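First up is the structure itself, then whatever we jot down about it.
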Amino acid sequence: MPALPKTNHLDPSAACRAVEVAEILTAVYPDRRSLLTFASPYQLMVAVILSAQTTDARVNTVTPELFRLYPTPASLASAKAAEIEKLVHSTGFFRNKARNIIGAAAAVQNRFHGRVPELMDDLVSIPGMGRKSANVIRGAVFGKPAIAVDTHLARVSNRLGLVNGKNPVVIEHELRALVPEAIQTDFSMAVNLHGRYRCYARNPDCAKCEVQDLCPYPGMV
Ligand code: SF4
């Protein structure tokens with residue numbers, strides 16, 4: 001049996017449970033592709049920035065026209081803010097988002113030769129791009145181990161007793177210590193989906209939960 005990764009400070013069995021959770025939930029959710037529609041790293045970068053504070057489905061309603069009119073980083077970098085604001089209006093926070101996607105396109109065009117970078121430090125230097133977004137891109141288009149901490153992953157990981165806290169950066173690092181690199185992206189995506197479809201923020205469906213036996217949460221409520 002391969003050596004298990006270093007456990008976190010909460011529970012010496014956490015690493016084993018994390019691996020078991022990953023095995024079960026990757027079987028429960030075999031289709032773990034991003035819910036955002038994209039056809040290139042550039043398109044995913046823009047879609048991820050637009051997805052802040054809204055649903056992926058909502059983003060998918062505006063990106064086809066956006067990418068038809070602005071198919072490359074160079075074209076979006078030179079767009080007028082007012083035109084982009086109109087296109088992304090329904091995603092909310094449209095002024096910030098328009099500014100960020102124009103800025104992100106300019107950064108990619110001017111600093112990274114028109115190609116979305118692969119390195120975490122480069123990605124988080126792009127306007128509108130936090131660690132969660134950078135991890136989504138690294139996992140989905142570059143095949144890198146990615147723990148993308150959003151509200152779902154944070155909530156379910158806490159309930160499962162794998163982490164203890166709300167800080168997304170701390171959660172990411174604690175999960176990276178628990179979950180072997182080879183399955184980090186699958187773990188992240190599967191747990192995210194479990195948060196959407198079973199472990200709801202209010203009234204999680206613990207009675208039907210596939211990882212109930214591994215979860216201390218029902219016993220705590
Ligand atoms: S048992 Fe309940 S709290 Fe635990 S992961 Fe499942 S749905 Fe969430």
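Values in this document were obtained by computation on a predicted structure and should not be read as measured data. Order of listing sets the numbers, starting from 1, for every ligand and every atom in it.
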* Is there a donor-acceptor pair closer than 3.5 Å between any side-chain N or O of Thr91 and the backbone N or O of Arg58? -> no
* To do: Indicate the atoms forming the closest heavy-atom contact of Cys209 with His194, along with that distance.
  => SG-NE2, 3.2 Å
* Distance, nearest 0.5 Å, that separates CZ of Phe187 from CG of Leu153 -> 6.0 Å
* Inter-residue atom distance Ser157.OG - His152.NE2, 0.5 Å rounding -> 12.5 Å
* 2.8 Å shell around atom 6 (Fe) of ligand 1, exclusive bound, protein N/O/S atoms -> 1
* Mind checking whether Arg159 and Cys199 have side chains closer than 4.5 Å, heavy atoms only? -> yes
* Please write out which residues are connected to Val169 in a hydrophobic cluster, directly or through intermediates, given that two of Ile, Leu, Val, Met, Phe, Trp, Tyr count as joined at side-chain heavy-atom separations below 4.5 angstrom. => none
